[in-house]
Every structure is written in C-alpha cells, then in structure tokens.
Asker: 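Attaching a single structure in structure tokens format; questions to follow.
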Amino acid sequence: MRRLAKVQERYDFSGIEKKWQQNWGQQSLYKVEERAGKQKYYCLEMFPYPSGNLHMGHVRNYSIGDVVARFKSMRGYNVLHPMGWDAFGLPAENAAIKNGIPPAKWTIANIHNMRSQLKSMGISYDWDREVATCLPDYYKWTEWLFLQLYKNGLAYKKKAHVNWCPGCATVLANEQVVDGACERCESIVEKKALEQWFFRITDYAQELLDSLVDLPGWPSKVKTMQENWIGRSEGAEIYFRAEKTGERVPVYTTRQDTAFGVTYLVLAPEHPLVEKLISGTAYEKPVREFVKRVQQMTEIDRTSTETEKEGMFTGSYVLNPLNNEKVPVWVANYVLLEYGTGAVMGVPAHDERDFAFAKKYKLPIRIVIQPLERELVLEEMTTAYTEEGIMVNSADYNGLPNTQGLVKVAAHLESAGFGKIKINFRLRDWLISRQRFWGAPIPIIYCEKCGALPVPEEDLPVMLPPDVEFKPTGESPLKYIPEFLNTKCHKCGGPARRETDTMDTFVCSSWYFLRYTDPKNTGEAFNRDKVDYWMNVDQYIGGVEHAILHLMYARFFTKALADFGLVGVREPFQNLLTQGMVLKDGSKMSKSKGNVVSPEEIIKKYGADTARLFILFAAPPERDLEWSDQGVEGSYRFLNRVWRLIYNYINDGKKINTGAELTPADKDLRRLLHTTIKKVTDDIEQRFNFNTAISAIMELVNGLYPYREKERQNMALVQETIDNLIILLAPFAPHFSEELWQAAGHEGSVHLMPWPVYSEEALAADVIEVVLQINGKVRDRIMVDACLTAEELKEAVMSIDKAKAAIDGKQVIKVITVPGKLVNIVVR
RNA sequence: GCCGAUGUGGCGGAAUUGGCAGACGCGGCGGUCUCAAAAACCGUUGGGUAUCCCCCAUGCCGGUUCGAGUCCGGCCAUCGGCACCA
C-alpha cells in the first residue's frame, strides 16, 4: 500500500465518530456560501418539532437527506444542507401547564438535546444556518410576512365556526381533532362561532391546482391528494326566488342540465334563510328543534355517509326560474353551509342522495334525462340515474344530449339573469388564529377609535412576554398580561389592545426554507440575491403526512411572496421524496405499543454509521421499513468486514505486485469495481435506491475477499479498488470512511473527493454467459465470446449438445437470438 | 362508497427497457479454527422429486407473446388517503 498508516485492528466506532464530528466542526467542512460559477444544489429535509428526542423516523429522514447532500457535493455541486426547529406548538404549552416549565425553557432544552443527538449522527449540516421559529429573530419575520399578506389583502378577519373543546375550554386546530374528539382530553369537539384571522389561500386555488403539472419530481400520490383537497368543480349558481318575499335563494349545482327535474330545495340547517322562512309560522318550533338536534351532532356523525339523511319541510316554497314551478323548501342534515351556497336543488331522478331523500319523504320524482339504450320508467326506478343521456321534460332543451345541455342551460341562466356560471373549490381559506400562547403573535392592534390596525413594521417583532404564569384555563395567557395586551395606538395615541391570538405553526414552517438562504439577516426576512441563488429547493424529503397541509401552505406562501416581488420562483420544492414509516413488529413505533427503538441507544451500541447503513439498506426510501435488531447486527458485521479487509491490506506487505499485465482474476476484480461504481452512482442519482447501492458495495467486498487468497495480486489494482470502495461508502457511513481514508494514507477529507467515474472499457468482459432456452425454458448456460454477432451467437449455441438433443427429431419453428443474453429455440 | 399503493422464499428485500426469478442481507444447516465456546472464514439454503434430470413456483383466474414478477382483462387481500362537496 501507499504507506504504512496507523490503523487499529478493532473498529472502534465510538472513538472514530466523536473524533471526526469534532474535526469536521473545527474545519467547518459543511459550511457553505453562494459561489458564482458553481452549480448550486439545495437539499432539504423537513425540520423537526423539538419534542426532546430523535425518533427512528427522523433518523431515516436525515440519513436519506445526508446521502443525497454528500453525494451531490462529491459530484461537484455547491450544496446547501441546513437544519432547524419547528419550535412553536402545543406540546410546549402542555408541558408548561403540567409541570410549570415555561414553554421557551422547555423548547430550548429540547432543541439542545436533539441538536446533540443529530450531531451524533454525523449529518453534513451547515449548523451556522440553524433557525428556530420560536426565536424573536425568526418570528419577527413571520410577523412581517403576515403584514405583507395583510397589505396585499390576503389576510383578513371574519367570524367562523371553529372546533371547540369543552373539556379544555379552548379552540383546537383541525389536526388536533381525532375522530371528532379532542386528542388531549377526548371530549367531543363542538363548533363555535369566533372572530378569526384567515389567509386567502383560495385566491390561489386555481394556480395551486394548475401548477401541479409543473412538478414532475413530485410523487403522483401527493399531487392527487392535493388535487382532491383543492376539489375544483365546474357548475352554475341558479337563483331560486322565495315565493312570498321574492328573496333570491342561490343554489350551486354541477348538473344544471337537470334543473327541470327539481322537485324540492334543501337548505343547510345553519342557513340564515331558515329562520326567516319559519318565524311566526306553525313550522317554527319543530324546525328549530330539528336544526338544534342536527347542530348537536358531532362533526364526524354529520359528515358520515352512513348517517341517515333527515330533513323537515319549512312550510315555504321557492320558484324555479327556468320553469316558474313552485317547489317546497326543506332543511336537511346532509347539506353543508360551508360548501357552495349552503343550499341545493333536489333532483331525485338523477342524484343518489336526492333519490334516497325523496323516497323517504315521499317527494315527487321527475325524469329529465333518458339513457340512450333503454328507457327509465319512474315506477321501476330503485336508484337515481346519474349517467349521460338525452334531456326530456325540459322545455326547449328536449332531445338535446345532456352534455350540451350543461353548456346551454348555463349560458341561458347567465343571459337571462337567472344565475351564473360558477367554479367552486372545496379548498377553504386558511384559518391561522390560535388561542394559544406559544406561537408567533399576530401583529395587529385594536384601537378604540381607529379600529384594527397593523403594527408598523419598524415596531416588529411583537414580542412574547417572558415569565408567563400558566394556568389550565385553556385560554391564551396573553389575554391576561396587561403589559402585552395594553398598548397605544400608533395613529391616534389613544389606548389600544393587542391581538392575543397567535399564528398557526404552519405559518412558521411555510417560509423556513427561504430563511435558510439568509438566516442571520437582521434587516430583511431574506436577501433577494441570496434567495434567488439558492431557490428553489432541489430535493425536499419528509413524511407523507405533510402531503396536503404543509406542502400546500408552503406552495401558497411561495406564490404570494413571488407576487410581492420577494422571491423569483413560484414553486418552492422542485423534487419531493416522501419517505415511508419505520415499523416494528408490523406497526408504527409508539409508546403505547411499547415497540419503540431508541436511536440514542442504537447509536451508543453500534455507532451512527451502522444505524444509518441499516436504515438505508433495509428498504427503499418511499416504502415502510421494518425494524430488525438482527438486521442492524448485519450492517455492523459488514462494516467490520470492510474494516478487517482494509486493515489486513494495510498491515500486510508480503503480497507482491504482479506487474502491469493483468491476469484474468485482475480483470475480473477491475470489472467488478467499475460495475459497482456504475451501479452505486445510478442507484443514488437516478432512483434513490440506497438499499441496492449498498448491496452492490457488499458484492464488491465479497469479491475482494477471495482475491486476497490469490498467490499473485496486483497491488496497484487493490489500492484503486480499496480507495474507491471507501469513497463509495462515504455518503452512507461518513465517519467510518473518513477514518479508513486517512488510514489508507490520504491527506484531506474523503468527503471532499470527487465521486468516482467508471470506465466503459473496464466494464466489458471478454466472455459472457448466455442462456439456451428451448420453448422459452432455460435448458443450459454457456460461456461465449462477448463480441459475437447475433448470427455467430446462434451458430455457437445451436452446436452445443443440449441444443442438438432438443432439436433432434423435431421441427425448428424459429430461433430468437438476443445478443448478450439468450438464444431461444422454438421446436415442435 | 371513491381514489391510490402494495402483494415475490422462514424474514427484510432484488430483478431498472418483456429475456437466467429470489441479487444483497437476516435466519437456518454443515464445515474449518478452538480444550471448548464466541467471533471470523468457507460451503449450503424456494418447494417437489426419480437429486447435477425434470416438474412446480412471484396473491387468485384468464389473455397477449418465442418468452410475463414485469403488459392487458377480471377478481381477492392488506395498508393508506378522501369520504353526503351538490
């Protein structure tokens, strides 16, 4: 070998990992700056909530990201690979209520602990760019971005029905409602009307939908989920009129072609018209009772398809503008106020729900679409006909295919003033108010004279007060802190009070990837040049549980900020990798199941390199991964096997170089090395299949072991092979590789080495194995000259005994020859 | 109910463009070394069987093809998401 270097016989992972983590930190190996003329690569993993301890999901997420970052770096890219903390959130507040520890203290302590755990994994983060969303130098800019949204009309306040937990006496985020109950106290969640702040994400609904096609690097699963969430539908609003008052009652439908089949109209129980229609009539009491009963149902019961459709007549009628027919108005539990206009037209013949409802309450059914191949007969209908057909009983539209009717009725509605063409989205505006302490304050004040005013930018940040006493009242403590609550109006100087709601933590995580590009900027959220250099994120990696919320909000923010001229891209994440869960005994690791494997213990017992190697080897990244203690042992064994191999070569000088001429065994080893380089490169770069990349490296090691037994060995080749082996392992087992790299006599870090390039010439074998098939079944394998043409190959194969025997006495129908692979003889 | 994913040895998984099914690892079995064990190394390991020969085998049934884990049609199971969206 190059020179005798000191290498311990035993693989002392603990000492090695500590040593290199320190060394890399001291030489700032992973520090990165903008560099003109060098291709940038932004590799990002979803930042964690600082719960206190890393779990295996984190280990997997960050191991995957580190392979990508290290690989791209060795490929010559200027790689940005940052880490930070999604540090606001309810657990800190719960801890405060329970143990009296201030949220800030609890959070910072957790960050401390998790940072050191992350560092023990040896991930190539530029720690100088670390951000924590709960620190004023970060949330100042979260507040500032709120103001930009406010100024541009994208932040507004309105009264809304929100999830209210009576047990905790507080509002809950949607994600905290599990099966209609509070995740903390399991009380059934109620709806409560409160003044809340919203972001107008619906302004971007169409673009959020359309630009999904610009994201070929996203899993189609995630794109489909977002499509469904946005829920675009094309239809029309039809203005019915109240018979008595003439008041306009708009309904939304996607089937305006069936409007002549309307036999009743249904309002949502909360619809404001309900009270108007019934007050002072005989229907007042029973309908009110019905509405109350429906409202008391849990969200889950009300929106379940299992729930029986129930309704009640209001005693009033409306007129259908298309045919002036009088139809009864009902209230029913299956109509939702939040979607469309909160009122629907009932066309029982052509809608399943309407059909069931009409049958139950004996409402009339009228056929207005006839199928082409048969005729519907009212008395025989057991279900609605929802397919295409020809319009009937529809005045001027009779005989028209309903697909044309859709367009014509809509046009007529619009021209006659009876309605309008309408595109509806299921997506609602984003409710960002939280009645909590531990979040970014909403920078708004309420002046007695001037009303709601944004806090001037120069007064930011609105700071969270320290030393807050937490009582389990469930209300934001901010409300009870006069120093925070009371302020002066910057406009009139009069008394004002602050908004005490804080922002949803998803607001903080909607722009953190931008802050990483310029994390220490005290004058701006981020510098435009820096954000332009780094954005967008080339590879984003995280759990699929964020497929809708976080990823949609971050996309919305990026688009809005692009419209404000703050960033130059309209999509934040070019490529997305959604990693699978880490399972134990077939199910997700959880405390209640008692199947949690602690990363800290695994790292202590085997080292970070073994842990990383196992987690990358056990399954491809998108798939769920079954944890196996024996599998970890296997990875540990592999590293020891590599260690011993290289140790022996380094310390064993007796093998003599065979000289320049390569023996067949030398050629085989050299070919193995180069096929391994090719395979590992392709697996990382094109497929993210780290499991097969690692298995290829294992095969290389398995090939080196028998070579070591050979009498004649080419030491130059051995050195080349070992050097490349260490480099190939570097993204997976960084400390291990660094130590061996140095032991093999190299100066400098292995992580600064260029990624190896395979030689096409070295891949070529002189002789290759081809398969003989008879009628598609494998009958023999023979070695042939690699350079044979199809015709020569056919001849060579046909002449072997097995082929002759197979053909003997039979008729050869045809022979299929695939050079380099097989010859298939079809006989009869 | 709708949408999507997955289904391959005892286990995790591989087979990238339709071309040798089971790479690699775990586990098992046998051996070498050892007083012995561990570790390590070597060999072996889908099932059947007449045991270097053939048959069967990638959830099930059918199809296309010289050839199907891979493509097509129809089912089944598991997991995930959405779930009265008018």
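In what follows, chains are A, B, ... by sequence order, proteins preceding strands, each numbered from 1.
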Asker: Does B:A39 have OP1 or OP2 under 4.0 Å away from a side-chain N or O of A:Arg637?
Answerer: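 Looking at the OP1 and OP2 atoms of B:A39, neither is under 4.0 Å from any side-chain N or O of A:Arg637.
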Asker: Any side-chain N or O of A:Asn691 less than 4.0 Å from the OP1 or OP2 oxygen of B:G12?
Answerer: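 So the side-chain polar atoms of A:Asn691 never come under 4.0 Å of the phosphate oxygens OP1 or OP2 of B:G12.
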Asker: Between P on B:A14 and CD on A:Glu699, what's the gap in Å once rounded to a whole number?
Answerer: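 In whole Å, B:A14 P lies 14 Å from A:Glu699 CD.
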Asker: Assuming nearest nucleotide by heavy-atom distance, tell me which of A:Asn824 and A:Met581 is located more 5' along RNA chain B.
Answerer: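 Per heavy-atom nearest nucleotide, the more 5' residue is A:Asn824.
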Asker: Of all the nucleotides listed (B:A23, B:C85, B:C66), which has the minimum atom distance to the side chain of A:Arg428?
Answerer: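 Of all the options, the side chain of A:Arg428 is nearest to B:C85.
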Asker: Decide, for B:G9, between syn and anti: a glycosidic angle within 90° of 0 counts as syn, anything else as anti.
Answerer: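 Base orientation relative to the sugar is syn.
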Asker: Closest approach to the side chain of A:Val335, judged atom by atom: which nucleotide of B:C20, B:C56, B:A86 is it?
Answerer: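 Out of B:C20, B:C56, B:A86, the nucleotide with an atom closest to A:Val335's side chain is B:A86.
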Asker: Measuring only the P atom in each nucleotide, how far is B:G81 from B:C72? A whole number of Å is fine.
Answerer: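 After rounding to an integer number of Å, I get 27 Å for this pair.
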Asker: Taking atom types as they are modelled, would you say the side chain of A:Gln773 forms a donor-acceptor pair with the base of B:G19 within the 3.5 Å cutoff?
Answerer: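 When only heavy-atom distances are counted, A:Gln773 does reach the base of B:G19 through a donor-acceptor pair under 3.5 Å.
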Asker: Considering only side-chain heavy atoms of A:Lys221, which listed nucleotide, B:A15, B:G4, B:C54, is closest?
Answerer: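 For the A:Lys221 side chain, the nearest candidate turns out to be B:G4.
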Asker: How far, in whole Å, is B:U45 from B:G22 if one measures between their P atoms?
Answerer: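 One P to the other, the span is 11 Å.
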Asker: Please determine if a side-chain N or O atom of A:Arg641 lies less than 4.0 Å away from the OP1 or OP2 oxygen of B:C41.
Answerer: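 Checking A:Arg641 against B:C41: at least one side-chain N or O falls below 4.0 Å of OP1 or OP2.
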Asker: Which part of the nucleic acid does A:Glu769 contact within heavy-atom distance under 4.0 Å: base, sugar-phosphate only, or nothing?
Answerer: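 If one applies the 4.0 Å heavy-atom cut-off, A:Glu769 turns out to touch a base.
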Asker: Is there a side-chain contact between A:Tyr339 and the phosphate of B:A86, meaning an N or O under 4.0 Å from OP1 or OP2?
Answerer: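 Yes.
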Asker: Measure from the side-chain heavy atoms of A:Gln630 and tell me the nearest of B:C26, B:A86, B:C54.
Answerer: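 So the nucleotide nearest the side chain must be B:C26.
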Asker: Heavy-atom count check: over 12 atoms from other residues, nucleotides or ligands less than 6.0 Å from A:Lys223 NZ?
Answerer: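 Above 12, so yes.
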Asker: Under a 3.5 Å limit for both distances, which nucleotide forms a Watson-Crick or G-U wobble pair with B:C54, could you say?
Answerer: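 By the stated definition (distances under 3.5 Å), B:G48 pairs with B:C54.
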Asker: So which of A:Ile677, A:Leu669, A:Thr675 actually passes side-chain contact (heavy atoms from CB on, under 4.5 Å) with A:Leu673?
Answerer: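 Of the listed options, the one satisfying the test is A:Ile677.
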Asker: Using Watson-Crick or G-U wobble geometry with both distances below 3.5 Å, tell me the partner of B:U32, or none.
Answerer: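 The answer is B:A40, by the H-bond criterion.
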Asker: Expressed in angstrom and rounded to an integer, what is the separation of A:Met225 atom CE from B:C3 atom P?
Answerer: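 In whole Å, B:C3 P and A:Met225 CE are 16 Å from each other.
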Asker: Under 4.0 Å, heavy atoms only, any strand: does A:Asp624 hit a base, just the sugar-phosphate, or nothing?
Answerer: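 Counting heavy atoms under 4.0 Å across all strands, the contact made by A:Asp624 is with sugar-phosphate only.
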Asker: Could you measure between the two C1' atoms, the one in B:A86 and the one in B:C79, and give it in whole Å?
Answerer: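 The answer is 31 Å between these two C1' atoms.
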Asker: When you check the side-chain N and O atoms of A:Glu310 and A:Tyr361, is any donor under 3.5 Å from an acceptor?
Answerer: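 No, because no side-chain N or O of A:Glu310 sits under 3.5 Å from a partner of the opposite role on A:Tyr361.
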Asker: Picking from B:G25, B:G19, B:C84, which would you name as closest to the side chain of A:Lys309?
Answerer: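 Nearest nucleotide to the side chain: B:C84.
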Asker: Out of B:C20, B:C24, B:A83, which nucleotide sits closest to the side chain of A:Arg426?
Answerer: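 When the side chain of A:Arg426 is considered, B:A83 is the closest of B:C20, B:C24, B:A83.
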Asker: Write down the partner of B:G12 under the Watson-Crick or G-U wobble criteria, each distance required to be under 3.5 Å.
Answerer: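 Matched B:G12 with B:C24 under the 3.5 Å cut-off.
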Asker: What is the distance from CD of A:Glu237 to P of B:C85, rounded to the nearest Å?
Answerer: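 After rounding, the reported distance stands at 18 Å.
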Asker: Counting any heavy atom closer than 4.0 Å, what does A:Gly634 reach on the DNA or RNA strands: base, sugar-phosphate only, or nothing?
Answerer: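 If one applies the 4.0 Å heavy-atom cut-off, A:Gly634 turns out to touch the sugar-phosphate alone, with no base involved.
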Asker: Using the P atoms only, state how far B:U70 lies from B:G48, rounded to an integer number of Å.
Answerer: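 Those two atoms are separated by 25 Å.
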Asker: Could you measure between the two C1' atoms, the one in B:G27 and the one in B:G80, and give it in whole Å?
Answerer: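 To the nearest whole Å, 30 Å.
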Asker: Let me know the distance between CD of A:Glu633 and P of B:G28, rounded to the nearest Å.
Answerer: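 Atom-to-atom, A:Glu633 to B:G28, this comes out as 12 Å.
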Asker: Please determine whether a side-chain nitrogen or oxygen atom of A:Asn702 lies at a distance below 4.0 Å from atom OP1 or OP2 of B:A23.
Answerer: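 So the side chain of A:Asn702 is outside the cut-off, no N or O lying under 4.0 Å from OP1 or OP2 of B:A23.
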Asker: Identify whether the distance between the nearest side-chain nitrogen and carboxylate oxygen of A:Arg426 and A:Glu227 falls below 4.0 Å.
Answerer: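 So A:Arg426 does not pair with A:Glu227 through a salt bridge.
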Asker: Measure the shortest side-chain to side-chain distance between A:Asn824 and A:Val815 over non-hydrogen atoms and say whether it is less than 4.5 angstrom.
Answerer: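 Side chain of A:Asn824 against side chain of A:Val815, heavy atoms only: no contact under 4.5 Å found.
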Asker: Which nucleotide, if any, forms a Watson-Crick or G-U wobble pair with B:G1, using both distances under 3.5 Å?
Answerer: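 WC or wobble partner is B:C82.
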Asker: Could you measure between the two C1' atoms, the one in B:G28 and the one in B:G10, and give it in whole Å?
Answerer: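 Between the two C1' atoms, the distance is 8 Å.
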Asker: What's the gap between B:G19 and B:A68 when it is taken at their P atoms, as a whole Å value?
Answerer: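 Roughly 11 Å separates the two P atoms.
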Asker: For B:U6, give its Watson-Crick or G-U wobble partner with both distances under 3.5 Å, or none.
Answerer: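 Checking every strand shown, B:U6 finds its partner in B:A77, with both distances under 3.5 Å.
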Asker: Does a distance-only test, which skips hydrogens and angles, find a donor-acceptor pair under 3.5 Å between the side chain of A:Arg353 and the base of B:C84?
Answerer: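 Checked by distance alone, the answer is no.
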Asker: Relative to the 5' end of RNA chain B, which residue comes earlier, A:Asn689 or A:Gly776, by the nucleotide with the nearest heavy atom?
Answerer: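 In this pair, the answer is A:Asn689.
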Asker: For B:A15, does OP1 or OP2 lie under 4.0 Å from any side-chain N or O of A:Arg687?
Answerer: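 Checking B:A15 against A:Arg687, a side-chain N or O does come within under 4.0 Å of OP1 or OP2.
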Asker: Which part of the nucleic acid does A:Val826 contact within heavy-atom distance under 4.0 Å: base, sugar-phosphate only, or nothing?
Answerer: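 Sugar-phosphate: the residue A:Val826, judged by heavy atoms under 4.0 Å, touches backbone atoms but no base.
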Asker: Below 4.5 Å, heavy atoms only, C-beta onward: do A:Leu267 and A:Trp330 meet side chain to side chain?
Answerer: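 Of all side-chain heavy-atom pairs linking A:Trp330 with A:Leu267, none is under 4.5 Å.
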Asker: Looking only at side-chain atoms of A:Val344, point me to the closest of B:A14, B:G12, B:A86.
Answerer: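 Taking heavy atoms from C-beta onward, the closest nucleotide is B:A86.
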Asker: I'd like to check A:Tyr11 versus A:Leu639 (side-chain heavy atoms, cut-off strictly below 4.5 Å). Are they in contact?
Answerer: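 Sidechains of A:Leu639 and A:Tyr11: in contact.
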Asker: Could you tell me if A:Glu352 and A:Thr383 have a donor-acceptor pair between their side chains, going purely by distance under 3.5 Å?
Answerer: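 On atom types as modelled, these side chains qualify, holding a pair under 3.5 Å.
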Asker: The side chain of A:Ser695 lies closest to which of these nucleotides: B:C24, B:C20, B:C55?
Answerer: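 Nucleotide nearest to A:Ser695's side chain: B:C24.
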Asker: Could you tell me whether A:Ser233 contacts a base, only the sugar-phosphate backbone, or nothing, with contacts defined as non-hydrogen atoms closer than 4.0 Å?
Answerer: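 Sugar-phosphate contact only.
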Asker: Could you state the CD-P distance from A:Glu622 to B:G4, rounded to the nearest angstrom?
Answerer: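 Distance, rounded to whole Å: 19 Å.
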Asker: Judged by modelled atom types alone, do A:Tyr339 and A:Ser233 share a side-chain donor-acceptor pair under 3.5 Å?
Answerer: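 Yes - a donor-acceptor pair under 3.5 Å links their side chains.
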Asker: Using OP1 and OP2 only, check whether a side-chain N or O of A:Arg644 sits under 4.0 Å from B:A39.
Answerer: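 So the side-chain polar atoms of A:Arg644 never come under 4.0 Å of the phosphate oxygens OP1 or OP2 of B:A39.
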Asker: Considering every strand and a 4.0 Å limit on heavy-atom distances, what is the contact class for A:Val266: base, sugar-phosphate, or nothing?
Answerer: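 Result for A:Val266 = nothing.
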Asker: Using the side-chain heavy atoms of A:Tyr334, tell me which of these nucleotides is nearest: B:G19, B:G13, B:C84.
Answerer: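 Of the options given, the side chain of A:Tyr334 lies nearest B:C84.
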Asker: Provide the distance between the two P atoms, one in B:C66 and one in B:A15, to the nearest whole Å.
Answerer: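 Comparing P positions in B:C66 and B:A15 gives a spacing of 28 Å.
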Asker: What nucleic acid atoms does A:Gln686 come within less than 4.0 Å of, heavy atoms only: base, sugar-phosphate, or nothing?
Answerer: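 Since no nucleic acid heavy atom lies under 4.0 Å of A:Gln686, the category is nothing.
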Asker: Measure from the side-chain heavy atoms of A:Tyr705 and tell me the nearest of B:C41, B:C84, B:A21.
Answerer: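 The closest nucleotide is B:C41.
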Asker: Phosphate oxygens OP1/OP2 of B:A14: is one of them under 4.0 Å from a side-chain N or O of A:Arg623?
Answerer: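 Result: yes.
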